[in-house]
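The structure appears right after this line, and notes come after that.
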Amino acid sequence: MANDRLARAGALLDTLSVDALLVTNGTNRRYLTGFTAHDHAPDELSATAVISSDGVTLFAPSTNLPWAESEALPGVTVRPAERKWTDSIAELVKTAGWTRLGFEDATTTVAVYNELRQALDSQVSLLPIGDATDSLRAVKDESEIALLTHALRLTDQAFMAAEKRIRAGMTEKQAAEIIAEELRRAGSDGEAFPTIVASGPNAAKPHHAPGDRTIQEEEPIIIDMGALHQGYAGDLTRTIWFGQPSGQLVTMYRTVQAAHDAALAKAAPGVRGIELDSAARDVFAAQGLEHYFVHSLGHGLGLRVHEAPSASMRSRDTLEPGHVVTIEPGLYIPEWGGVRIEDVVLITEDGAQNLTSSPKRSVEATQEKNA
Ligand code: ZN
Ligand code: ZN
């Protein structure tokens, strides 16, 4: 096959014992074909791809044909889709004489499945393949690492500029608007996900949406944001404050920082996702705080904000060179607030490289300044 991604997808056909694979996941389609169009909705795909040992066939509606052709990676054949694209798939399966067609069950709707079942000969088996194609994206190639590094650089730049402008007395929404402006100014293609600005008690909710609450002094403010660069997502969390941090904030911040450092020190190839998670969780457990760490330590980052590998208590992944994973321990105390610190690391041949460079607050320095 003409490129490394297709070669690895081709190897997947053997592993799964299928003749071909139908790709309905838009992120996987982009990764395997190069075609960057987004899907308008789960039942409105902008194209569909079929992987076989002959390469990849990308079926695009006639309106998208020139666009798809201009972006298609080597080894990808672009063809016009029938009005009902499932008919094009069925025709290809019939012509090639395939009897085992794998499909992405997480993103194939029941309606599409039924249409395919009707259009295909009865001796053709339709086989669900789970997250097999998603896992192809876990190890990043050089071009992806360059794009991700750039997305993270834009994220850092925007955070540092926004931090200088955000003040106590502003609302969370005003702070989020400043972050959006600084992301644009840095050259980001947009936000990789809706920015989180969570102040005071709102910081006890890991996924708080910025609201009309006014940011106060002495309380924690969690900012979670990411630039988007050519489809690749940045992801960064910092916890900041204005004025003198409360005693509880100092304690929480130190503990989260220690958990973060423990996980960062552990990150290396061969380490299991569950072990990376434990490195941070054990720091919290030593202080009886583990119940306040309500999410997993980290996730893979790439064309999607959450992808393989996972670093959680339930993870079955093992870190490999080329994995890009977040390290984001947090503590969330109902009604008080929370602290989260998130960096992104690249797993290398002999360890890990921190791709995030936004400065973290130093509780020692703040106390001295205010003493
Ligand atoms: Zn984040
Ligand atoms: Zn994250």
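Remember, it's 1-based here, ligands and their atoms both numbered in the order they're listed.
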salt_bridge([X], [Y]) N-O dist < 4.0 Å:
X	Y	answer
Lys173	Asp212	yes
Arg238	Asp343	yes
Arg185	Glu182	yes

*Which protein N, O or S atoms sit under 2.8 Å from the Zn ion (ligand 2)?*
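You should have found Asp235 OD2, His299 NE2, Glu328 OE2, Glu342 OE2.
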
_A cation-pi test, strictly: NZ or CZ of Arg5 under 6.0 Å from the centre of the six-membered ring of Tyr31 and no more than 45 degrees from its axis. Yes or no?_
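Yes, a cation-pi geometry holds between Arg5 and Tyr31.
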
*Hey, could you give me each pair passing ring-ring contact (aromatic ring centres under 6.0 Å, His included) that has a residue in residues 120-171? Not counting sequence neighbours.*
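Counting only pairs at least two positions apart or across chains, the ring-ring contact (aromatic ring centres under 6.0 Å, His included) contacts touching residues 120-171 are His150-His229.
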
_Minimum heavy-atom distance between Val283 and Ala279, given as atom pair plus value_ =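 So the minimum-distance heavy-atom pair works out to CG2-O, 3.5 Å.
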
